[in-house]
Amino acid sequence: HSSSTGTAEVEVEGLILIGKENDIKKSRRVTAKVSGREVVVFYHEGKFYAMDSRCYRKIFTHMIKMKPVTCYFYFLFLQDINGQACIVCPWHKYKITLETGEGLYEGINPLEPSPTPQWQSKGVKQRIHKVTINKGKVYVSPPDFSVSFDSDYFAEKYKNGGELAI
């Protein structure tokens with residue numbers, strides 16, 4: 001599956017056009033500029049998801065931008081955890097839910113007599129973007145900056161040409 005980067009257009013009621021629904025379904029993901037930042041839109045198991053393409057710890061964008069040779073490479077970084085579709089940062093191995101942007105980790109409660117690892121939430125770490133489908137086109141809502149997330153730091157730092165602005 002391939003991914004592409006494009007500059008999105010504002011078209012319907014302030015929504016930002018990302019691409020054609022069928023094209024994104026075929027490629028499974030596409031990246032685009034939304035309000036000056038890179039956003040990746042995933043199509044996974046019948047649903048569309050959008051989030052900042054920079055991991056809240058910075059690096060997963062590098063792997064997202066690569067054009068995988070086989071489906072295996074693509075699915076290596078998407079994982080189902082407790083019924084939630086997650087992206088897995090290939091560098092940090094962080095698990096981030098596609099639906100909410102929550103960071104997940106596996107932990108134990110040492111006070112339990114026989115502690116078993118269970119998935120826990122670190123809270124919302126990654127900015128997600130609302131996806132709207134209209135007449136065969138995929139749109140993303142501009143981000144609401146009244147709330148901030150950990151991923152905002154690197155999304156803002158890498159806005160201009162992918163270089164860290166110092």
Side-chain angles (χ1 to χ4, degrees), residues 1-6 8 16 18-35 37-110 112 114-133 138-141 143-144 147-158 162:
H1 303 289
S2 66
S3 64
S4 61
T5 302
I16 299 159
I18 302 300
K20 294 179 182 176
E21 181 180 6
N22 287 334
D23 291 345
I24 298 171
K25 282 180 176 179
K26 286 178 191 169
S27 69
R28 303 261 184 201
R29 67 179 176 261
V30 64
T31 57
K33 292 277 187 184
V34 173
S35 299
R37 63 201 295 146
E38 284 185 3
V39 170
V40 61
V41 177
F42 292 99
Y43 179 73
H44 180 67
E45 295 184 357
K47 292 177 83 176
F48 286 93
Y49 304 92
M51 66 174 48
D52 285 350
S53 70
R54 300 267 178 191
C55 174
Y56 68 94
R57 290 290 299 188
K58 175 174 109 177
I59 313 267
F60 84 69
T61 188
H62 298 299
M63 298 309 276
I64 288 172
K65 285 185 169 183
M66 289 184 175
K67 293 185 178 180
V69 207
T70 67
C71 290
Y72 171 76
F73 183 80
Y74 171 75
F75 284 109
L76 180 64
F77 299 109
L78 284 177
Q79 183 178 349
D80 181 74
I81 298 172
N82 281 352
Q84 298 180 83
C86 296
I87 183 83
V88 179
C89 173
W91 289 75
H92 301 104
K93 306 300 182 225
Y94 290 157
K95 281 97 172 129
I96 304 161
T97 65
L98 295 177
E99 188 81 36
T100 65
E102 269 184 285
L104 300 179
Y105 70 97
E106 203 169 21
I108 61 168
N109 180 350
E112 288 181 8
S114 298
T116 54
Q118 295 181 359
W119 289 102
Q120 308 289 324
S121 173
K122 297 179 189 179
V124 177
K125 300 291 186 178
Q126 196 75 21
R127 180 176 293 280
I128 59 162
H129 304 268
K130 183 179 180 221
V131 178
T132 301
I133 310 300
V138 177
Y139 298 87
V140 169
S141 297
D144 172 7
V147 178
S148 65
F149 300 98
D150 291 0
S151 68
D152 290 338
Y153 177 79
F154 289 109
E156 288 299 313
K157 289 286 185 186
Y158 285 84

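Because the structure is a prediction, the values reported are computed rather than measured.
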Apply the test side-chain contact (heavy atoms from CB on, under 4.5 Å) to residues Ile108 and Gln118: give CA-CA distance (whole Å), side-chain angles for both, the deciding distance (0.1 Å), then the verdict. CA-CA 6 Å; Ile108 61 168; Gln118 295 181 359; over 6 Å; no
Could you go step by step and tell me if Leu104 and Gln84 meet the side-chain contact (heavy atoms from CB on, under 4.5 Å) rule? CA-CA 10 Å; Leu104 300 179; Gln84 298 180 83; 4.1 Å; yes
Evaluation steps, side-chain contact (heavy atoms from CB on, under 4.5 Å), between His129 and Asp52: CA-CA 8 Å; His129 304 268; Asp52 285 350; 2.8 Å; yes
Going through the distances and angles, do Glu38 and Lys33 end up as a side-chain contact (heavy atoms from CB on, under 4.5 Å)? CA-CA 5 Å; Glu38 284 185 3; Lys33 292 277 187 184; 4.0 Å; yes
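With rounding to the nearest 0.5 Å, the separation of CE in Met51 from CD in Glu99 is 10.0 Å. Rounding to the nearest 0.5 angstrom, the gap separating the NZ atom in Lys47 from the CG atom in Leu98 is 9.5 Å. Separating the CG atom in Asp150 from the NZ atom in Lys125 is a distance of 4.0 Å, to the nearest 0.5 Å. Phe42 contributes atom CZ, which lies 12.0 Å from atom CD1 of Ile24 (distance to the nearest 0.5 angstrom). The structure places CG of Asn22 at 6.0 Å from NZ of Lys26, a figure rounded to the nearest 0.5 Å. Residue Thr132 holds its OG1 atom at 9.5 Å from OH of Tyr139, rounded to the nearest 0.5 Å.
Counting only heavy atoms from C-beta outward, the side chains of Val88 and Gln79 approach each other to under 4.5 Å. Taking the side chain as every heavy atom from C-beta outward, Ile81 and Cys86 approach each other to under 4.5 Å. Within the 4.5 Å cutoff, the side chain of Arg37 has heavy atoms near those of the Asp152 side chain. The shortest side-chain heavy-atom distance between Val30 and Ile18 falls under the 4.5 Å cut-off.
The cationic atom of Lys122 (NZ for Lys, CZ for Arg) lies less than 6.0 Å from the six-membered ring centre of Tyr94 and within 45° of the ring axis.
If you check the side chains of Glu102 and Thr97, you find no donor sitting under 3.5 Å from an acceptor.
Minimum heavy-atom separation, Ile133 to Glu21: CG2-OE1, 3.4 Å. In this structure, Ala85 and Tyr49 approach most closely via the heavy-atom pair CB-OH, 4.3 Å.
Among the candidates Pro143, Ser141, Ser53, the single residue satisfying the side chain to side chain contact (heavy atoms under 4.5 Å, CB included) test with Val34 is Pro143.
Checked against the 6.0 Å centroid threshold, Tyr43 and Phe48 count as a close aromatic pair.
Side chain of Ser151 to main chain of Arg127: a donor-acceptor pair is present (N/O by atom type, distance under 3.5 Å, no hydrogens or angles).
Remark: Glu106 does not engage Lys95 in a salt bridge, criterion side-chain N to carboxylate O under 4.0 Å.
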